[in-house]
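Note that this is a predicted model, so its numbers are computed, not measured. We number each residue from 1, following the sequence as shown. Order of listing sets the numbers, starting from 1, for every ligand and every atom in it.
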Amino acid sequence: MTPAAAPDAPLLQVGAITKTFGGFTALDNISVDIRKGERFGLIGPNGSGKTTLINCISGALRPQVGSVVFCGEDITQLPPHLRARRGIARSFQIPRPFKSMTVLENLMVGLDFAKVDSSQPEEDVAMSILTRMGLASKASASTDTLSQVELRKMELARAMAVRPKLLISDEAMAGLSSSEVDEVLDLLISLGEEDITIIMIEHIMQAVMRFSERVMCLDAGKIIALGAPAEVMGNKRVQEAYLGT
Ligand SMILES: Nc1ncnc2c1ncn2[C@@H]1O[C@H](COP(=O)(O)OP(=O)(O)O)[C@@H](O)[C@H]1O
Ligand SMILES: [Mg+2]
């Protein structure tokens, strides 16, 4: 039986993770707790370890040292698909739709992957997610006809199809105009209001500031700041490392 988490236990506990590639330390003793429903921003310069940390959480990579505890269960050794079934979903830096399929079919693949139990037919579930994402009118469109912002939304919809407790968004805004960034941000914030916990990796500082309740900044695999957005942006080490000022 899976141990039940205490009501006020964090949703995700990253415990002293170290990840090395050969002789190179990509993550050095990273610990952080993320509470249920939190909107958490993850920042840091290129190569600072953000995606590696996300990979250790989603299961694409396993750390050499440390643990990942989700809903009170140690998932450090679980493969990605079993973590997905427990409620961890990620949307990728580069949208990877199945190109020959329609938007609706893409979503249904996600539902199959998660083996979501539902009394509703899969197609209805997929349609309700598309409606939620403002993509209902594109359901039968082939994915290669989608605009950049529509692709980003579809990628989020695919992540939502697994009914995540934790949604990880890795640079979902890259390449979007500022009004499109606001659109995706509004979507992410509204998901946060439904008690979905969200970790957002983003280079666009205004988006991070607006979105996040807390921000963590990595530099060279170490946490250099963790706190309220304004506090982290005002941190001298963050400005030196990240903003280059
Ligand atoms: N699979 C891998 N093999 C070797 N080195 C890697 C691998 N993945 C990431 N790295 C290295 O780890 C560091 C952190 O990378 P990454 O987590 O992608 O950074 P970020 O997402 O913050 O830009 C980089 O120096 C990168 O080259
Ligand atoms: Mg990255």
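- Surrounding CD of Q64 are more than 12 heavy atoms belonging to other residues, nucleotides or ligands, all under 6.0 Å away.
- The main-chain N or O of T25 is never found under 3.5 Å from a side-chain atom of T20 such that the two would form a donor-acceptor pair.
- Of all heavy-atom pairs spanning G44 and K50, the tightest one is O-NZ, 2.8 Å.
- Salt-bridge annotation for R35 and E213: present, with a side-chain N of the basic residue lying under 4.0 Å from a carboxylate O of the acidic one.
- The distance from ligand 1 to the heavy atoms of A26 drops below 4.0 Å at these ligand atoms: 12 (O).
- Close N/O approach between G49 and ligand 1 is found [any backbone or side-chain N/O within under 3.5 Å].
- Ligand 1 places these atoms under 4.0 Å from at least one heavy atom of P45: 22 (O).
- Closest heavy-atom approach to atom 21 (O) of ligand 1 within the set D219, T51, T52: this belongs to T51.
- With ligand atoms numbered from 1 in the order given, ligand 1 contributes 11 (C), 12 (O), 13 (C), 25 (O) to contacts under 4.0 Å with heavy atoms of F24.
- For the Mg ion (ligand 2), the N/O/S atoms of N46 include none lying under 2.8 Å.
- When each of K165, R85, R86 is tested with E73 by the rule salt bridge (Lys or Arg N to Asp or Glu O under 4.0 Å), just one qualifies, namely R86.
- Of all atoms in ligand 1, numbered sequentially from 1 with element shown, those under 4.0 Å from a heavy atom of N46 are 23 (O).
- With hydrogens and angles disregarded, no donor-acceptor distance shorter than 3.5 Å links the side chain of T145 to the backbone of A141.
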